[in-house]
Amino acid sequence: MPFYEKEPVIRIEGCDDRAWAGYEAISEQLGKRIDPNKRNVIVLECYPGVRIEEVIRGLQALRPALVVQSEEAALDRDALNGLLGRYLTDDRVFGYMAPFAIDEWYDPAKLKELAARIRGVERGVVLVAGFGASLLLEEDDVLVYADLARWEIQLRYRSKELGNWRAGNEDEDILRKYKRGFFVEWRTADRLKRSLLERADYYLDTNRRNDPRMVTGKALLSGIRQTAARPFRLVPYFDPGVWGGHWLEEKIGLEPREHPYAWGFDGVPEENSLYFLYGDVRVELPAINVVFFQPEALLGERVYARFGAEFPIRFDFLDTIGGQNLSLQVHPLTDYIQEKFGMKYTQDESYYMLDAKEGAVVYLGLKEEADPEAMIADLERAQRGEVSFPADQYVNVFPARKHDHFPIPAGTVHCSGTDAMVLEISATPYIFTFKLWDWDRLGLDGKPRPVHLEHGKRNIRWERRTGWTEKNLVGRVEKVAEGEGWTEERTGLHELEFIETRRHWFEGRVPHHTNGGVQVLNLVEGDEAVVESPSGAFKPFTIRYAETFIVPASVGEYTIRPTERSAGRRLATIKAYVR
Ligand SMILES: O=P(O)(O)OC[C@H]1O[C@](O)(CO)[C@@H](O)[C@@H]1O
């Protein structure tokens, strides 16, 4: 029986009557703000991908005298594409981080016309909606911020319901749509959100069709503050892939799908959601909102000073139990990711073996005798379909056992083999994978997955051979502390990576401290444990096997112990934080 909680909620205290579900209740609430003797402008700023027509239809009970779709004043497709082209590039996967603000995507003259139309209404409700609607916001207007989670956007891209903003590309390759979102649209939308949300009167969750939820802006910010002061979990999501296995499906209790699950994400605030519970109204919001609006409480002063409002640590799952090898791959060096893609820091990784079948392996580092030129020539031949790349000839293969931890600094050739259940503990970037070889197979869409040999070649650290790899990346576990009923070990990562990881084995209560920096943990052994505050600053927080959770920097002291269900057993957590 899987214990893993798939719908973790955070109960928000003190604002139960500040949340509404359904268009009827929402319209009624907004209606209370209306003075029939004057013009009442309600501005609905929408994250790109929000179903604007649905929201406008849903609010018809307000009997608007005028509805303005702000996007009428946006640049046309060609002008926008001209502006964005340099950031999109021709590559299917990689673009360049774009710096745009929303007003650069609008035509000032057309905005003026819309503003005049709005002012032309003397009495009644004017609804102004769109991505960029707030460019028309005036001081007395009611501002509703309509938000959408990253995973939901991806699902809408995949179903072809949604293309990129004003791109008319619903049918385009999903990788290209994701690229335009990741490198361009979400950056602009997040910039706008950061400048606006604290001024919003209401926050609208638009993640489900015809099932909106709304809270007041104040109640949302209170929820964000409360979250940044206690341990919490993100809402996980799981995704099939060509190399996927059956561990996640079995141990987490997932609905079987046509293709096996490969990835699980429950520790990526940039992409996961949170569920806030206000009374009986559950509101979904992108977890990145906590990073944006409580960066110091969440990250701590040091991490915030170094990374800004970004969550630098990522925990996710890679399941190949009964599946296949990941692609043989390498990640960009810091200088390369900055120069080529405009990212601030790189995809340094590590594999923590949550589970492994007998015979599981990890490919890691080059063999002493591997000749760079011969290896590249073989990779190129393999890419042309002339041969199968003889990976074992060039790359080390190490046995991977349950609880092994392999650091993978960027530039190291690697991949997880079949029959392994990896908990990836890594720096947040995760699309910067240069596949070198994909084992003669096609992706789930029947097409070869993109291989990036040119990028790969320029990032392989050829000096990371067997001796170096064994010394630096294999079996580096060191006991660093112990107490009554617990021991603490340092398991990683490599000194080139900014993340430190500590594993605690325990039967008793383990003292922890955030030391002023955010921490991310996972219960890697045992059924259930409880996280408690010695000062009672937060309510006891139960965690179950394989669940990832975040402890904000502001928490300070906390403890973890087995619950009654796990009494007498030896449990283990793995904890990651910025050095
Ligand atoms: O390229 P593959 O085979 O899908 O590899 C798994 C992927 O998951 C990641 O580990 C990210 O979670 C990437 O590094 C990698 O692209």
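Residue numbers run from 1 in the order of the sequence given. In each ligand, atom 1 is the first atom listed, and ligand 1 is the first ligand listed. What you are looking at is a predicted structure, and each value in this text was computed from that prediction instead of being measured.
Under the 4.0 Å criterion applied to side-chain N and carboxylate O atoms, Glu369 and Lys367 are not assigned as salt-bridge partners. A salt bridge links Asp173 to Arg92: at least one charged side-chain nitrogen sits closer than 4.0 Å to a carboxylate oxygen.
Remark: the Tyr261 side chain and the His246 side chain contain no N/O donor-acceptor pair separated by less than 3.5 Å. For the residue pair Thr501 and Thr491, a side-chain donor N or O sits within less than 3.5 Å of a side-chain acceptor on the partner.
In this structure, His512 and Tyr558 have parallel ring planes: the angle between them is below the 30° cut-off, well short of the 60° mark. Using the six-membered ring where Trp is involved, Phe498 and Tyr345 have ring planes that are perpendicular, over 60° apart on the 30 and 60° scheme.
Interface of Gln347 with ligand 1, defined as ligand atoms under 4.0 Å from a residue heavy atom, comprises 13 (C), 14 (O).
The nearest protein atom to atom 11 (C) of ligand 1, hydrogens excluded, is given as Glu424 OE1, 3.5 Å; this is a heavy-atom distance. Of all protein heavy atoms, the one closest to atom 1 (O) of ligand 1 is Lys435 NZ, 2.7 Å. For atom 7 (C) of ligand 1, the closest non-hydrogen atom on the protein side is Trp263 NE1, 3.8 Å. Among protein heavy atoms, atom 5 (O) of ligand 1 sits closest to Gln329 NE2, 3.0 Å.
Counting heavy atoms closer than 4.0 Å to ligand 1, residue Arg314 contributes side-chain atoms (C-beta onward) but none from N, CA, C or O. Heavy atoms of Asp316 found under 4.0 angstrom from ligand 1 belong exclusively to the side chain. At a heavy-atom distance under 4.0 Å, only side-chain atoms of Thr433, from C-beta outward, approach ligand 1.
Taking distance alone, with nitrogen or oxygen atoms compared against 3.5 Å, Asp438 stays at or beyond that limit from ligand 1. Looking at Arg441 next to ligand 1, no N or O pair under 3.5 Å apart turns up. At least one N or O atom of Trp243 sits closer than 3.5 Å to an N or O atom of ligand 1.
Cation-pi geometry between Arg187 and Tyr87 is not satisfied (NZ or CZ under 6.0 Å from the ring centre, within 45° of the ring normal).
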